[in-house]
Amino acid sequence: MSESLRNNGRIWVPKNKGDRRPPNAIPEAERDYYLERKYPSFGNLVPRDVASRNAKEVCDDGRGVGDSGLSVYLDFRDDITRLGRDVIEARYGNLFEMYNRITGEDPYAQPMRIYPAVHYTMGGLWVDYQLQSSVPGLFVLGEANFSDHGANRLGASALMQGLADGYFVAPYTVPDYIASTRFTDAPVNHPAFNEAATRVDDNLKHLLGVKGKTTPREFHRRLGHLMWDYVGMARNEVGLKKVLSEIPALRDEFWRDVSVPGSNDYMNQSLEYAGRVADYLEFAEVMALDALERAESCGGHFREESQTPEGEALRDDENFAHVAAWEFTGVGTAPVLHREKLDFENVHPSQRSYK
Amino acid sequence: MVAQSRPILEGSHSAASSMKIKLKVWRQKGPDADGKLVDYTLNDVSPDMSFLEMLDVLNESLIRTGQDPVDFDSDCREGICGSCGIMINGKAHGPLAGTTTCQLHMRTFRSGDEIVVEPWRAEAFPVVRDLVIDRSAFDRIIVAGGFISVNTGAAPDANAVLVPKQNADMAMDAAACIACGACVAQCKNASAALFVGAKVSHLALLPQGNPERSRRAIRMVQQMDAEGFGSCSNEGECEAVCPKGISISNIARMNREFTKASFGGTR
Ligand code: SF4
Ligand code: FES
């Protein structure tokens, strides 16, 4: 659900592990409003990475709620009493309805159950100040590039970046590129075109030719679990090293055992999907590698080895005040790391605190 | 945004027992192929699954047994992209009001139910395969006029252009249209009036939409006709199935805009 809900909801779990009573039957004294307790000044409004990590922590501690034990309560009771149901409905009516559709529960009458999920991703394709990628003439705008976001990348910051790139940068840099470049004809019989078309065609035939036993969705699910467990809200060296051996193994298995029905002479959704999963199996590896290489915590990237005594993300500006740009060198071969130093002239990075 | 009050559904969340669902699904290999309804039975459907997750489960079992999965479109699966429309028992997006197919959950049905699953049917929305239809007619209507032209490079201050709250709310409600095409699918004339009405209204209600207002109304309506959508005969089926609660008053506004533009507006 949308992050905005935390403006009027209070997050809690039962104080006691394994308390299976329905939420409204749990008395006030037996509830742990853990964000309010740990971050008295920011409370339920701590940034997303902090809120997410804390939700995971209480669930790992056995105090999560719902059938799966993988959720925490987001409770609107107090603000419904204070402001009235109308006000809450005017603010979040559509979200409450969405929640109701998914769960069959009425969030006006009982707390929502929430759990962090993958939403936006940090980073993206490398671009220069003109927003041009390392492929000449390929400009990358908005969330697809790596350039602008803070410790978190949320809907609003991704939107801001899309607007800023689209309004203020690309209208100058793209025409400049077009005006200052001499283009030669690139007809479809160009050798580069043929080469690319052949490569795509071979790839599709390869996917269809495996004729294994495991569906693309099954591979997707398994990769997702690996990423969730080891490259998720909290990472550590042991886990990252483990996943860096498991991803290539899963990729090998995919190419030995994927089952893609049909052919490539019509719109084949399973084939499209298999192609995406093949991409993910490559990309997951560089994400894990980057997380391993960056042995500091930095915003949403939380390395367990690098935290303050209070359990907050601890940066290491001495060694990691840089952008890590990874150059692709082929599937299964190590990418090359390019470090781009970050200079801070006016505003200097400091330790966040939400206490 | 004006909160659209739709009923909060009563339901019990439980690790409820699994359901048995009988499906009759439209299978069609390509735009020119003949299609037919094919029966499938799923014995282990969780009431917490969405309708599309139920189809995912069907497809996994079809692939495992060497059959072609049922193709259908979806993307966001949270009711905002508009790509997932399916006819469910003759109703666009299924039985629940204000709900896209992806937001419909199996607890709406009962174990043992038979569900007929078909693509949108309209001349302007040709079937691509199975439940996938080609909605590019909508894109061409938008290209004809569903935009505003602005200079990039500098943006005016947000509060420099004043918009009355009531207009902002009405424009926002019209902008909620996700271009799913349910209105067309349910209409016996296959009219796109609700969709075009929503798009024309959204921009006509805002000052930013004013410079191209007349041209927009004329071009979008002309394109709608050129795509082969039928005419509106005020049945109201569209409003009844629209997952975003778009009001048919937007059709009246589109007609006014078009008439005004035809008499003297600039093209
Ligand atoms: S008006 Fe409603 S039914 Fe029609 S396309 Fe828009 S959202 Fe879909
Ligand atoms: S999948 Fe996006 S609206 Fe249903």
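Source: prediction; values computed, not measured. A note on names: the letters A, B, ... follow the listed sequences, proteins ahead of strands, and every chain is numbered from 1.
- Interface with chain B: from residues 257-266 of chain A, residues S259(A), P261(A), G262(A), Y266(A) qualify, criterion being any non-hydrogen pair under 4.5 Å.
- Cation-pi contact between R85(A) and Y108(A): present, with separation from the ring centre below 6.0 Å and deviation from the ring axis of at most 45°.
- D73(B) touches chain A through backbone and side chain together, each having a heavy atom under 4.5 Å away.
- At a threshold of 4.5 Å between non-hydrogen side-chain atoms, the residues R113(A) and E105(A) count as touching.
- A search for side chain to side chain donor-acceptor pair (under 3.5 Å) contacts involving S149(B) returns E212(B), not counting sequence neighbours.
- A salt bridge links K29(B) to D68(B): one of the charged nitrogens lies within less than 4.0 Å of a carboxylate oxygen.
- Within residues 119-134 of chain B, the residues having any heavy atom less than 4.5 Å from a heavy atom of chain A are, in residue-number order, V128(B), R129(B), V132(B).
- Residues T215(A) and R64(B) are in side-chain contact: their nearest non-hydrogen atoms beyond the backbone lie under 4.5 Å apart.
- Side-chain atoms of C177(B) and K199(B), non-hydrogen and from C-beta on, do get closer than 4.5 Å to each other.
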Give the intermediate values and the outcome of side chain to side chain donor-acceptor pair (under 3.5 Å) for residues H105(B) and S50(B). CA-CA 4 Å; H105(B) 284 70; S50(B) 74; 5.2 Å; no
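- Using a 4.5 Å heavy-atom cutoff, the side chains of I115(B) and V117(B) are in contact.
- Between Q161(A) and H149(A) the shortest side-chain heavy-atom distance does not fall below 4.5 Å.
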Compile the donor-acceptor pairs under 3.5 Å between side chains in residues 33-42 of chain B and protein atoms, sequence neighbours left out, one pair per line.
from: D39(B); atom 1: OD1; to: K24(B); atom 2: NZ; distance (Å): 2.8
from: D39(B); atom 1: OD2; to: K24(B); atom 2: NZ; distance (Å): 3.4
from: Y40(B); atom 1: OH; to: R27(B); atom 2: NH1; distance (Å): 2.8

